[in-house]
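The structure appears below as structure tokens.
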Amino acid sequence: QVKLVESGGGLVQPGGSSQLSCTASGLIFSGGTFKIDDMAWYRQATGKERELVASLTTGGGTDYADSAKGRFTIFRNNTENTVYLQMKSLKPEDTAVYYCHVRGSLTGYSGTYYPGALDEWGQGTLVTVSS
């Protein structure tokens with residue numbers, strides 16, 4: 001079973017920086033192999049809906065929320081099945097639980113291809129921006 005483990009959250013002072021990471025495991029199992037296509041970071045502040053922060057396609061295309069543009073950078077290490085979110089100039093309004101999300105496909109051991117079979121969320125990591 002695919003599992004996403006996030007790390008890097010914590011308390012950061014306003015104007016500071018932090019980097020989140022999310023590593024996927026369990027991609028290869030007896031039934032086949034999952035392939036990660038898209039990776040993304042979402043966040044959810046208290047009392048608000050979950051929102052997209054940044055996304056990164058397998059082809060390298062990126063998309064950022066307006067609030068993240070110029071301050072956050074999403075990048076990935078395909079060899080390690082890890083996605084990162086580098087955050088700079090953090091503001092109190094960036095305080096939220098940050099979740100990674102991956103989507104992709106499954107190729108069964110018989111060669112059958114299942115597009116969209118991978119759709120997993122991390123457990124979330126809290127980032128608190130406060131002095």
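Residues satisfying the ring-ring contact (aromatic ring centres under 6.0 Å, His included) test with Y98, not counting sequence neighbours, are none. Take S130 and apply the side chain to side chain contact (heavy atoms under 4.5 Å, CB included) test, not counting sequence neighbours, and it matches L11, T128.
Considering every non-hydrogen atom in both A40 and L52, the closest pair reads CB-CD1, 4.0 Å. Nearest heavy atoms, L90 versus R71: CA-NH1, 3.9 Å.
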Cut-off 3.5 Å, no hydrogens considered: what does the side-chain donor-acceptor table look like for residues 12-27, sequence neighbours left out?
{"residue": "S18", "atom": "OG", "partner": "G8", "partner atom": "O", "Å": "3.3"}
{"residue": "S21", "atom": "OG", "partner": "S7", "partner atom": "OG", "Å": "2.7"}
{"residue": "T23", "atom": "OG1", "partner": "T82", "partner atom": "OG1", "Å": "2.8"}

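Counting non-hydrogen atoms of other residues, nucleotides and ligands closer than 6.0 Å to CD of E49 gives a total of 12 or fewer.
Side-chain rings of Y84 and F75 approach one another, their centers coming within less than 6.0 Å.
To the nearest 0.5 Å, atoms CD (E93) and CZ (R43) are separated by 8.5 Å. Considering CH2 of W41 and OH of Y64, their distance stands at 13.0 Å, rounded to 0.5 Å.
Neither L126 nor V129 shares a network with the other; the hydrophobic side chains, linked directly or stepwise wherever heavy atoms of I, L, V, M, F, W or Y lie under 4.5 Å apart, form separate groups for each. Linking Ile, Leu, Val, Met, Phe, Trp and Tyr whenever their side-chain heavy atoms come within less than 4.5 Å leaves Y42 and I74 in two separate clusters. Linking ILVMFWY residues whenever their side-chain heavy atoms come closer than 4.5 Å, directly or via other members, places V102 and L106 in the same cluster. Follow the hydrophobic side-chain contacts under 4.5 Å out from V2 and you reach V83 in the same cluster. I36 is connected to L85 through a chain of hydrophobic side-chain contacts under 4.5 Å among Ile, Leu, Val, Met, Phe, Trp and Tyr, so both are in one cluster.
Side chain of T33 to main chain of I28: no donor-acceptor pair is present (N/O by atom type, distance under 3.5 Å, no hydrogens or angles). Panel note: side chain E120, backbone L4; no donor-acceptor pair is recorded below 3.5 Å.
For D94 and K91, the salt-bridge test fails: no basic side-chain N is under 4.0 Å from an acidic carboxylate O.
W121 and H101 have parallel rings, their planes meeting at less than 30° on a 0 to 90° scale where 60° marks the start of perpendicular.
The closest side-chain heavy-atom distance from Y99 to E6 is below 4.5 Å. In this structure, V53 and M87 have side chains that are not in contact, with every pair of non-hydrogen atoms separated by 4.5 Å or more. Considering only heavy atoms from C-beta on, Y113 stays 4.5 Å or farther from K35 through its side chain.
Under the side-chain hydrogen bond (donor to acceptor under 3.5 Å, both in side chains) rule, R103 has a single partner from T57, D119, T58, D38, which is D38.
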